[in-house]
There are 2 protein chains.
Amino acid sequence: MVSKDSSKGFEQPYQRLQGELARMIASIPAGERLPAEPDLARQLGVSRATLREAMRTFEGQGMIRRRQGVGTFVVGQGPVLQSGLEVLESIETLAKRIKLNVQMGALRFDHIQAGENLAMEMDVPPTADLLQVSRVILAEDRPVAYLVDILPENILSESELQEGFTGSVLDYLIRRGSPKLSNSLTEIRATAAKPEIARMLQIQRGDVLLMFQAKLFSAEARLVDFSFSYFIPGYFRFQVVRRVGDIHS
Amino acid sequence: MVSKDSSKGFEQPYQRLQGELARMIASIPAGERLPAEPDLARQLGVSRATLREAMRTFEGQGMIRRRQGVGTFVVGQGPVLQSGLEVLESIETLAKRIKLNVQMGALRFDHIQAGENLAMEMDVPPTADLLQVSRVILAEDRPVAYLVDILPENILSESELQEGFTGSVLDYLIRRGSPKLSNSLTEIRATAAKPEIARMLQIQRGDVLLMFQAKLFSAEARLVDFSFSYFIPGYFRFQVVRRVGDIHS
DNA sequence: ATTCATCATAATGTCTGACAATTGACTTTA
DNA sequence: TAAAGTCAATTGTCAGACATTATGATGAAT
């Protein structure tokens, strides 16, 4: 049982790697070279094989580029790191990175029953009790987004959210640590503002909004959060790296 | 110099792997288990390390889920494969899959000079000659999308496109095989239809459109295509799997 | 019979070391 | 000067081993 140094000791090497590598890549100017793999592996305290697994994912997201015989380079486009859609993060986290001063306004809780449509989408009985959390996100005191989260009551209760809720259900669930979250399936749409939402966001009815409709799944593949996010164009930049698909069946 | 069987022999192992693994994953029912890594590696003719690099990327895209001590499983959500944004494919390819009868209309070529803005975005001299390809995509004889591609003249010329162009610059470049394409950086926006585009799409000025602004890069990290895609909501469903980010600096 | 602890088994996670393939710079040579 | 050859550095791949974790089987205790 050599315990390996591993100062933290509570994370799997790969997870720690993912974070440290991301920070390192972000800290290196575009176009610059990363240390050679053997050096980098030593420096990060993992084997080259494990390092390469992580590198491959970052390469897949277009953050780095590797050339055999030459080296690994940080690719230009900074924005990929800034707001890539591959990683799910809260509006707050995202906004902080763009150095926006964000606040939450018009918070509202509603206890609703699933009903036909929601029961279909969320795969629960139509009589299921749900908690609906709605709020406006303000940046520099101007409304920029309207967020609605719908969760089963047994996953999150209103009383639990009363304190320590800063606007992001996602961040709250991550902090709480249970259930363990894995990923979200997000559908991207453009929509016109309905009267209710227009009023909340202080825009005109019919104005253009970017909308994410997301299903957040736990590690056990259970749906824990069904959410609608409406964004006023111009405040956020959402980007995604799409690899050219060789898959032509 | 054991030449390894490797029937094809012209691709790097990893690239071949990516395709074969994708097909294999797609062919396995959701929830089912993949063969164990050592077996799978043997079956695909690569080492376990190489296989794991590929697996890691598919895991990152939410297609598979691995559990230590148990195995690797194909994750449910069919939509991931159906119209996930991670893979770049042409509107035609996408439309075919949804079984839409698609056609191209109002094709138009323009020879333009880059100018200030385009020169910035595309990283070319302001005097560079560019080819602009615009067209409307019709589904069931109704306009559903308006596409504009802008390419350097030396990459694609009008005369070359005169024959065999079916509406997708991407598909054409893939078929031609040069330059080799790697990925695109796509920004997702919502916008109101400008008069010109509204006329093309037979909608009202100011109507809501989903818009992709994409930069397509070659394997040498050169920009080969700068494109704008406008979609009328309701005909396509764009989805993306976002993994919960552990990265909290 | 039921419950609990223990063990064996199998799978992924990680490590080590090596060799192959590619690139770029340097050296040598015509 | 220009071409060819050499060499070192770097990523790509491989093989084998051990570590860690989850599952089911086994047997003992209740």
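Convention: sequence-line order gives letters A, B, ...; per-chain numbering from 1.
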How many whole angstroms separate atom [atom1] of [X] from atom [atom2] of [N]?
{"X": "A/Asp39", "N": "D/dA9", "atom1": "CG", "atom2": "C1'", "answer": "11 Å"}
{"X": "B/Arg42", "N": "D/dC14", "atom1": "CZ", "atom2": "P", "answer": "14 Å"}
{"X": "B/Arg66", "N": "C/dT14", "atom1": "CZ", "atom2": "C1'", "answer": "12 Å"}
{"X": "B/Leu40", "N": "C/dT12", "atom1": "CG", "atom2": "C1'", "answer": "13 Å"}
{"X": "A/Met55", "N": "D/dT11", "atom1": "CE", "atom2": "P", "answer": "6 Å"}
{"X": "B/Leu51", "N": "C/dT14", "atom1": "CG", "atom2": "P", "answer": "15 Å"}
{"X": "B/Phe73", "N": "C/dA10", "atom1": "CZ", "atom2": "C1'", "answer": "12 Å"}
{"X": "A/Arg65", "N": "D/dT10", "atom1": "CZ", "atom2": "C1'", "answer": "15 Å"}

Does any non-hydrogen side-chain atom of [Y] lie less than 4.5 Å from one of [X]?
{"X": "A/Glu53", "Y": "A/Thr57", "answer": "no"}
{"X": "A/Asp225", "Y": "A/Leu156", "answer": "no"}
{"X": "B/Asp129", "Y": "B/His111", "answer": "no"}
{"X": "A/Arg56", "Y": "A/Arg66", "answer": "yes"}

* A/Arg67 or A/Ala49, whichever maps to the more 5' nucleotide of DNA chain C -> A/Ala49
* Nucleotide nearest B/Val70 when distance is taken to its side chain, options C/dT14, C/dG24, D/dT23 -> D/dT23
At less than 4.0 Å, is any side-chain N or O atom of [X] found next to OP1 or OP2 of [N]? Yes or no.
{"X": "B/Thr50", "N": "D/dC14", "value": "yes"}
{"X": "B/Arg52", "N": "C/dT12", "value": "no"}
{"X": "A/Thr72", "N": "D/dT10", "value": "no"}

* Looking only at heavy atoms, what is the nearest atom pair of A/Leu51 and A/Glu37, with distance? -> CD2-O, 3.5 Å
* Taking every non-hydrogen atom, the tightest pair across A/Leu130 and A/Glu153 -> O-OE2, 3.6 Å
* Helical bend (five base pairs per end, nearest 10°) for the helix from C/dA1-D/dT30 to C/dA30-D/dT1 -> 0°
Indicate, yes or no, whether a donor-acceptor pair under 3.5 Å links the base of [N] to the side chain of [X].
{"X": "A/Arg56", "N": "D/dG12", "answer": "no"}
{"X": "B/Gln68", "N": "D/dT20", "answer": "yes"}
{"X": "A/Arg48", "N": "C/dG17", "answer": "no"}

* To do: Applying salt bridge (charged side-chain N to carboxylate O under 4.0 Å, His left out), name anything that partners B/Glu187, two or more places apart in sequence or on another chain.
  => A/Arg237, B/Arg189
* For B/Arg33, report the nucleic acid contact type (base, sugar-phosphate, nothing); a contact means any heavy atom under 4.0 Å. => sugar-phosphate
